[in-house]
Amino acid sequence: MVKVVGVRFKKAGKVYYFDPDDIDIKLNDFVIVETARGVEFGHVVIGPKEVPEDEIVAPLKPVIRVADDEDFEIHRENKRKAKEAMVICEEKVAEHGLDMKIIDVEYTFDNNKVIFYFTADGRVDFRELVKDLAAIFRTRIELRQIGVRDEVKMVGGMGPCGKTCCCVQFLGEFEPVSIKMAKEQNLSLNPTKISGLCGRLMCCLKYEQETYEEILSRMPQVGTIAITPEGRGTIIETFTLLEAVKVKVRLEDGSDDIFQFKISEIEITDEMDPAYLKPSEIAENADRIADIDKQ
């Protein structure tokens with residue numbers, strides 16, 4: 001086990017582990033740490049704790065110090081300079097006629113590098129732009145192209161639900177979201193209904209997916225034959241969250257009626273109503289279908 005603290009450099013950003021060394025570090029302290037891109041000012045969001053070695057990305061770098069008043073002033077000054085740098089960069093992008101949009105600018109804490117984040121539809125030749133920016137700021141320049149999800153995370157906004165986007169509030173990392181999740185949750189497949197501000201599938205589709213998968217593993221398919229308190233019938237509709245089904249039952253007088261049951265109230269067979277089988281499945285199950293018809 002290794003003792004670490006978890007540090008974030010942006011609100012809802014990814015958490016990185018650092019070695020607290022012998023420094024007295026508490027949750028919500030601000031610290032100065034050395035990272036792969038230089039010295040940074042970070043927020044301790046996970047207090048000192050021990051984690052397995054396989055969770056550590058080597059080498060584990062130590063915390064330099066807990067931030068003092070002077071460090072806070074440097075951090076505020078870097079934020080101010082970043083806003084000015086963004087205006088200058090946007091002017092230079094226009095001068096060079098580049099098809100790119102500057103989204104955010106960051107100074108590393110030690111001013112060793114200025115990072116410009118941008119979006120573009122394709123590859124952009126920004127070599128001349130970098131030369132101009134390096135001459136102006138007299139430090140290392142990095143231009144980093146980001147995707148539409150990262151753009152929304154940086155810029156922010158209100159989601160279709162009326163709340164601030166999850167990626168801005170608390171999502172440290174994006175998780176894969178698929179159209180299969182929307183289908184299993186019986187959501188409208190209209191892209192405008194299930195897409196976020198970024199134009200991608202909404203991250204919140206992932207939140208309840210595990211619950212849906214667990215319930216769906218117990219739910220029968222539409223067309224399955226079930227034994228109910230009212231008699232033998234065919235499942236014609238399912239309600240996942242209610243864990244209930246609608247069953248079309250053939251009554252003793254020969255008429256049909258529809259009932260709703262909890263799946264715990266019925267016995268689900270491994271048989272399918274022939275009306276719900278595909279032609280290929282009908283051929284494969286000819287003998288079983290003949291037995292069902294006799295019943």
Side-chain angles (χ1 to χ4, degrees), residues 6 8 10-17 27 45-47 49 51-52 54-55 147-154 156-230 232-249 258-273 276-278 281:
R8 268 189 178 140
K10 289 184 177 182
K11 180 183 177 181
K14 184 177 179 180
V15 177
Y16 296 89
Y17 286 143
L27 180 66
V45 293
I46 299 176
K49 70 169 188 175
V51 299
D54 58 3
E55 293 185 17
V148 288
R149 282 191 166 188
D150 291 302
E151 178 183 359
V152 171
K153 187 177 181 68
M154 289 182 176
M158 303 291 284
C161 59
K163 295 185 177 181
T164 304
C165 293
C166 296
C167 58
V168 179
Q169 290 190 81
F170 58 85
L171 283 183
E173 295 184 69
F174 294 111
E175 294 191 38
V177 184
S178 68
I179 196 69
K180 176 174 176 284
M181 295 178 183
K183 291 178 179 177
E184 291 183 344
Q185 295 175 33
N186 293 321
L187 299 176
S188 166
L189 299 185
N190 182 340
T192 61
K193 301 283 188 182
I194 55 176
S195 299
L197 294 184
C198 58
R200 301 290 190 265
L201 291 172
M202 293 188 294
C203 294
C204 54
L205 293 179
K206 180 75 174 178
Y207 300 164
E208 298 177 358
Q209 183 60 20
E210 186 176 336
T211 299
Y212 272 93
E213 289 177 352
E214 194 273 327
I215 296 175
L216 285 170
S217 67
R218 304 193 301 270
M219 294 292 288
Q221 295 181 42
V222 170
T224 302
I225 292 175
I227 309 301
T228 77
E230 301 295 333
R232 185 183 178 89
T234 301
I235 295 171
I236 60 172
E237 192 174 355
T238 61
F239 306 97
T240 306
L241 290 182
L242 293 175
E243 296 189 47
V245 294
K246 277 187 180 179
V247 185
K248 184 178 181 181
V249 179
I258 296 174
F259 301 90
Q260 183 168 317
F261 300 99
K262 291 281 190 180
I263 58 172
S264 59
E265 299 173 336
I266 62 176
E267 178 186 343
I268 301 167
T269 72
D270 60 354
E271 300 172 357
M272 287 286 290
D273 187 321
Y276 290 85
L277 291 175
K278 298 176 182 178
E281 293 174 326

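Across Tyr276 and Thr234, no two heavy atoms sit closer than the pair CE1-CG2, 3.6 Å. When all heavy atoms of Ser188 and Ile194 are compared, the closest pair comes out as O-CG2, 3.2 Å. Closest of all the heavy-atom pairs between Tyr17 and Gly6 is CD2-CA, 4.0 Å. The heavy-atom pair separating Pro220 from Thr238 by the smallest distance is O-CG2, 3.6 Å. In terms of heavy atoms, Met202 sits closest to Pro160 at SD-CG, 3.9 Å. The two residues Cys203 and Val177 have their closest heavy-atom pair at CA-CG2, 4.1 Å.
Between Leu187 and Lys193, the closest side-chain pair of non-hydrogen atoms is not below 4.5 Å. Looking only at side-chain heavy atoms (C-beta outward), Ile235 and Lys246 stay at 4.5 Å or farther from each other. The shortest distance between side-chain heavy atoms of Glu230 and Phe261 falls below 4.5 Å. Annotation: side chain of Gln209 is not in contact with side chain of Glu175 (no heavy-atom distance under 4.5 Å). Side-chain atoms of Ile225 and Met272, non-hydrogen and from C-beta on, never get closer than 4.5 Å to each other.
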Trace of the side-chain contact (heavy atoms from CB on, under 4.5 Å) decision for Arg200 with Val148
CA-CA 8 Å; Arg200 301 290 190 265; Val148 288; 3.6 Å; yes
Audit row: Thr228, Phe259, side-chain contact (heavy atoms from CB on, under 4.5 Å) steps and yes/no
CA-CA 9 Å; Thr228 77; Phe259 301 90; 5.8 Å; no
Test side-chain contact (heavy atoms from CB on, under 4.5 Å) on Phe174 and Asp150; report intermediate values, then the result.
CA-CA 9 Å; Phe174 294 111; Asp150 291 302; 3.5 Å; yes
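Here the CD atom belonging to Glu184 is positioned 12.5 Å from the CE atom belonging to Met219, to the nearest 0.5 angstrom. In this structure, the separation between SG on Cys165 and CZ on Arg149 is 11.0 Å, given to the nearest 0.5 Å. Within the model, atoms NZ of Lys183 and CG of Leu205 stand 13.0 Å from one another, a figure rounded to the nearest 0.5 Å. Taken from NZ in Lys10 to NZ in Lys14, the straight-line distance is 13.5 Å, to the nearest 0.5 Å. Interatomic distance, CG of Leu241 versus CD of Gln185, reported as 8.5 Å (0.5 Å rounding). To the nearest 0.5 Å, atom CZ of residue Arg232 and atom CD of residue Glu267 are 9.5 Å apart.
Atom CD of Glu55 has more than 12 heavy atoms from other residues, nucleotides or ligands within 6.0 Å. Summarising the local packing, CD of Glu208 is surrounded by 12 or fewer heavy atoms from other residues, nucleotides or ligands at distances under 6.0 Å.
Residues Glu214 and Arg218 are paired through a salt bridge, judged by an N-O separation under 4.0 Å between the basic side chain and the carboxylate.
The one candidate from Ile263, Leu242, Thr240 that meets the side chain to side chain contact (heavy atoms under 4.5 Å, CB included) condition with Ile215 is Thr240.
Formation of a donor-acceptor pair under 3.5 Å by the Gln260 side chain with backbone atoms of Ala244 is not found in this model. In this structure, Lys153 contributes its side chain and Ala12 its backbone to a donor-acceptor pair below 3.5 Å.
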